[in-house]
Every structure is written in structure tokens, then in C-alpha cells.
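Order of the sequence lines sets the chain letters (A, B, ...), proteins ahead of strands, with each chain counted from 1.
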Protein chains: 2
Amino acid sequence: MRPTEIPEIRALALFRDMSDDQFEALMRAAYVQTLPPGIELFHEGDRPDFLHVVVEGSVELFAEWSGHETTMQIVQPVATIILAATLRDAPFLMSARTLERSHIVLVPSDDVRQVFASDGAFARAVVGELAGCYRSMVKAQKDLKLRSSTERLANWILRQDGIADRAGPITIDLEKRKLASLLGMTPENLSRALNRLADHGVVVEGKELQASDLPALRRFARPTPLIDQHDI
Amino acid sequence: MRPTEIPEIRALALFRDMSDDQFEALMRAAYVQTLPPGIELFHEGDRPDFLHVVVEGSVELFAEWSGHETTMQIVQPVATIILAATLRDAPFLMSARTLERSHIVLVPSDDVRQVFASDGAFARAVVGELAGCYRSMVKAQKDLKLRSSTERLANWILRQDGIADRAGPITIDLEKRKLASLLGMTPENLSRALNRLADHGVVVEGKELQASDLPALRRFARPTPLIDQHDI
DNA sequence: CGCCGATTTGAGAGCTTTCAAACTTTGTGG
DNA sequence: CCACAAAGTTTGAAAGCTCTCAAATCGGCG
């Protein structure tokens with residue numbers, strides 16, 4: 001475990017309020033893996049031996065059924081993954097693979113559960129984290145069930161613009177095929193959906209994308225905090 | 001608060017392991033509402049003043065956007081709803097309405113958060129509950145993104161059969177339009193999907209439904225524990 | 001420069017929704 | 001208890017959306 005990552009992890013909401021002793025206990029057996037892109041960290045159905053913390057790079061959570069595969073979430077630093085499975089000691093419902101060169105901290109599951117059982121502050125922090133994960137998943141499901149694919153794309157673009165209301169160009173920093181899968185459509189359909197959004201001022205050039213008429217895009221996308229705001 | 005409901009609530013995994021004192025503190029200001037069908041308990045965007053526990057009847061969680069409405073979940077006794085929003089003191093992401101005459105226990109949110117902060121056993125139980133809610137939502141999303149509507153219906157039928165492998169008739173104990181919305185399709189499409197499943201041995205008569213050839217239905221539905229088993 | 005994979009475009013098929021109408025069920029009031 | 005009204009369900013037809021397959025184009029890496 002390199003000492004440089006420790007403060008980053010300590011600063012996570014999940015670990016911020018626990019005692020130094022308990023944090024030490026968690027980190028004692030933890031270690032960092034540096035992985036190239038495309039490496040599978042675990043596969044759905046596996047048992048959680050470690051809690052994974054993405055410190056650098058990015059990780060795709062995906063699921064498979066009957067020959068199909070779909071991207072469920074892209075995890076970016078600094079965040080934990082599969083906390084729910086670790087705590088329940090239940091099999092993973094999703095698989096994970098690196099999308100780029102990544103640093104992953106592995107904390108033995110047994111240690112997590114033990115500290116969880118003895119440190120109230122940690123247990124409460126875990127609740128905050130889990131509640132957030134749950135609510136994100138509810139929002140994603142509303143997005144899927146209530147919107148057409150083009151509407152999902154339009155709202156995704158508006159979310160990328162972030163808190164700032166600027167109309168500056170944004171970069172699609174993942175493969176379009178992954179974005180398509182994340183949004184619940186095929187790559188071909190994403191390409192067509194981007195063309196349809198041209199009517200609402202969206203200009204695409206490769207991975208560069210610009211919403212030149214934000215009000216028009218908003219009129220089409222009808223974003224709502226109850227789906228699109230990720231910090232509530 | 002009628003004393004008859006208290007043991008039922010106490011028996012919930014969520015409240016089972018907490019101290020008597022803390023449980024008393026929670027129940028002191030709690031009260032029961034008996035409601036006819038179709039009553040809205042709260043609406044998305046509202047703030048959680050109470051943790052709701054469904055003691056009898058059933059409650060639909062649904063969401064709206066841009067004139068559409070979709071059923072997210074049907075909650076049946078005995079279970080809590082919107083625990084995540086209560087703990088985070090964040091606005092509801094879903095609305096709730098009774099589907100039949102129901103008894104709902106209302107526990108003031110402040111009390112829940114206060115006990116949560118001081119009772120470690122309760123905090124840990126909450127984590128177990130939330131992790132389960134999160135995993136249910138992941139399964140629902142996999143179901144939506146990886147399966148066609150007919151496949152979702154077939155797997156829903158298999159789940160209704162439950163643990164027993166009997167091929168006996170089952171009753172669709174909710175309106176078909178609600179079932180359609182829950183499965184992410186229109187009522188018309190549900191009707192057609194049921195007809196398509198006739199090829200796999202499904203016989204429908206009104207609300208009565210029988211899978212006369214379970215192996216055939218399973219071959220078509222391809223159920224997997226990582227989507228369809230709700231207790232892992 | 002050339003290869004390989006990703007993206008785009010086109011055509012067609014398949015699935016889902018919408019709209020309309022007929023039919024069934026449910027619940028209410030006479 | 002029946003009749004009627006209201007709501008839910010089913011069926012049909014047509015339109016719209018999405019996916020699949022195939023081919024062409026674009027882009028990055030060795």
C-alpha cells in the first residue's frame with residue numbers, strides 16, 4: 001500500500017469519520033493494484049473477497065444475460081464499488097473491468113465487515129453511501145422507463161455540462177459503444193440519436209460535442225432534478 | 001398505535017436487533033393510518049416527514065415524467081418504504097399510493113434519524129435493508145436492459161411460482177395495467193405477450209394463469225438467480 | 001503506410017406503441 | 001336483483017421506434 005493513496009481514501013465520505021485505529025485496521029491488509037485497460041476485476045456470480053476502491057482510472061460495471069451484455073455504470077475516482085455485495089457477503093450482481101490504466105485499492109471483505117460491526121461511525125457512513133447508490137439506481141430506472149433513447153441522450157449531454165451553464169464543448173471521454181450501452185441502446189442507434197439532436201442545436205465532431213443552443217436542448221430534454229441531479 | 005401491530009414491526013429484520021429502549025423511542029410517536037385504495041401517501045419531490053411501514057394491504061411506488069407514469073415497485077407487508085430518502089433527508093424520488101385498503105405505520109423521520117445515530121445495531125440493520133433494496137434495483141435494471149418484454153413477463157410468471165416447483169394455477173393479484181407498467185410495457189403489449197407465451201404452455205383465463213409446461217417456459221425464459229432470485 | 005477496430009450509413013425486419021373499437025368486468029343505483 | 005355506467009381488457013390496424021445485418025467510412029496504433 002503506497003502511502004500516497006491513503007489520504008485520498010481517508011478523505012472519502014465513507015472513511016472520513018471513523019477512528020484512526022479502525023482505519024488502520026482496514027488499511028493494514030489492503031493493497032493497490034495497477035491494472036492496464038480491459039482487465040476484469042471480478043465477474044457476476046463471484047463472491048466478494050475484497051472491497052474495491054477506484055483511486056485512479058475508471059471501471060465499467062456491466063452485466064450479461066443470454067449472450068447480451070449491458071453497461072450498468074462507469075465508476076470514476078475516488079469511489080468504492082460493490083459495497084452492497086461485500087456487506088451482505090452475497091454474490092456480485094455485476095461484473096467489473098478497467099476501461100483505462102487504473103489503480104484499485106483492495107480491502108479484504110472480512111476486515112470491512114468486522115470494522116463495520118464494531119465501528120458505529122463507519123456503519124453510519126456506509127448507510128449514507130448505500131442510500132446514495134440506491135437512489136442513483138432509482139434515477140437510472142426512471143430514466144430508462146420514462147424516456148425515449150433520444151431523450152436519455154439529451155439529458156445525458158445536459159448532465160455532462162455539469163453545474164456550469166456554459167455552452168462550451170464537452171468531450172465524450174468513453175467509447176461511444178459504451179455510452180450507447182449505458183444509455184440502453186445500440187451503437188447504431190446512438191449515432192442516429194446524435195443526428196436527431198442536431199435539430200436542437202447539438203453539434204458533434206468525433207468525440208467533441210457542443211450544445212450550441214442550451215435552451216432549445218432543455219426544451220427537448222425536459223431535465224428534472226428527480227432524475228438528473230446526482231447529488232440529491 | 002394499536003398494540004397488535006407492534007410485534008409485527010418489531011419482528012422486521014430492521015428492528016429486530018435494536019434495544020427495547022430504542023424501539024420504544026421509535027414507536028412512541030408512531031401511529032397507524034387505515035386507508036382506502038387509491039390514496040396517495042406522498043408524492044415525488046416531497047420531503048420525508050415519516051418512515052412508512054406497510055403492515056397490511058399493498059402500496060404502489062410509481063414515478064412520473066413529462067406526462068407519463070410508470071410503476072416502479074409494489075410493496076407488500078410487512079416492509080418499509082423510502083428508507084433511503086428518510087435517512088438522507090432528501091426528497092422522495094418516487095410517489096406512493098395504496099392499491100387496496102391498507103394499514104400504514106408512520107414513524108417520524110426525526111426519530112428514525114436520531115435512533116439511527118445512537119443505536120449501532122439499528123444502523124447495521126439499516127445497512128442490511130438498504131443493501132437489499134439496492135440489489136433489488138440492480139436486478140430490476142438488468143431485467144429491463146437485457147430482456148425483451150415477453151422474456152420479462154415469462155420470468156415474472158416463473159418468479160410467481162415461487163420456491164415451489166408445482167405447476168398449479170397462480171392468480172395475478174393486481175391489475176394487469178399495473179403489471180404491464182411494472183414490467184415496462186403497455187397494457188396492450190402485455191395482452192399480446194401473454195398470447196405469445198401460449199406457445200410455451202401458458203394458459204390465461206382472466207386473472208387466473210397456469211404454466212402447464214414449466215420446462216418449456218423455463219427454456220424460453222432462461223431465469224438466472226442473478227436477476228430472478230430475490231433473496232440473494 | 002497499412003491494418004484493425006470503432007463509427008457511421010443504409011436497408012429491412014421486428015418489436016412496441018398509439019389509436020380506435022369491441023368486449024368484459026366491476027361497482028352502483030334503481 | 002337487474003340495469004346501467006364506468007373502468008379495465010382485448011383485438012385490430014397503422015405508425016414509430018429500435019435492432020440487426022451489411023457495407024462504407026473514419027481513426028488510431030504498430
Here the distance between atom P of D:dC26 and atom NZ of A:K207, to the nearest Å, is 17 Å

Rounded distance (Å) that lies between atom C1' of D:dT20 and atom NE2 of A:H68:
11 Å

Other residues, nucleotides, ligands: >12 heavy atoms within 6.0 Å of B:H43 NE2
yes

Distance in angstrom units between B:R177 CZ and C:dT24 C1', rounded:
15 Å

Whole angstroms only, please: what is the CZ-P distance between B:R147 and C:dT16?
14 Å

Tell me whether the OP1 or OP2 atom of D:dT10 has a side-chain N or O from B:K176 closer than 4.0 Å.
yes

Considering only heavy side-chain atoms of A:T186, the closest of C:dT17, D:dG8, D:dT20 is D:dT20

How long is the straight-line distance from CG of B:L61 back to CD1 of B:I74, given to the nearest 0.5 Å?
8.0 Å

d(NZ, A:K145; C1', C:dT16) in whole Å
15 Å

Could you tell me if the side chain of B:I232 sits less than 4.5 Å from the side chain of B:L226, heavy atoms only?
yes

Taking only heavy atoms on the protein side, list every residue of residues 191-198 of chain A lying under 4.0 Å from any atom of DNA chain C, sorted numerically.
A:S191, A:R192, A:N195

Atom CG of A:N189 and atom C1' of C:dG10: how far apart are they, to the nearest Å?
14 Å

Under 3.5 Å, is there a donor-acceptor pair between the side chain of A:K176 and the main chain of A:G206?
yes

Pick out which of A:R152, A:R147, A:K142 makes a salt bridge (Lys or Arg N to Asp or Glu O under 4.0 Å) with A:D228.
A:R147

Report, as yes or no, whether the 6.0 Å neighbourhood of atom CZ on B:R222 holds more than 12 heavy atoms from other residues, nucleotides or ligands.
no

Any donor-acceptor pair under 3.5 Å from A:S58 side chain to A:Q76 backbone:
no

Nearest-Å distance for atom pair CG/P, residues B:L99 and D:dG8:
12 Å

Take atom CZ in A:R47; do more than 12 heavy atoms of anything else shown fall under 6.0 Å from it?
yes

Just the table, please: protein N/O against nucleotides 22-25 of chain D N/O, every pair under 3.5 Å.
none

With DNA chain D as reference, determine whether A:G206 or A:S148 sits nearer its 5' end, using the nearest nucleotide of each.
A:S148

Can you identify which nucleotide, out of D:dC19, C:dT17, C:dT7, has its nearest atom closest to the A:M185 side chain?
D:dC19

Among A:R196, A:R192, A:H200, which residue meets the side chain to side chain donor-acceptor pair (under 3.5 Å) test with A:T150?
A:R196

Rounded to the Å, how far apart are B:L153 CG and C:dT16 P?
11 Å

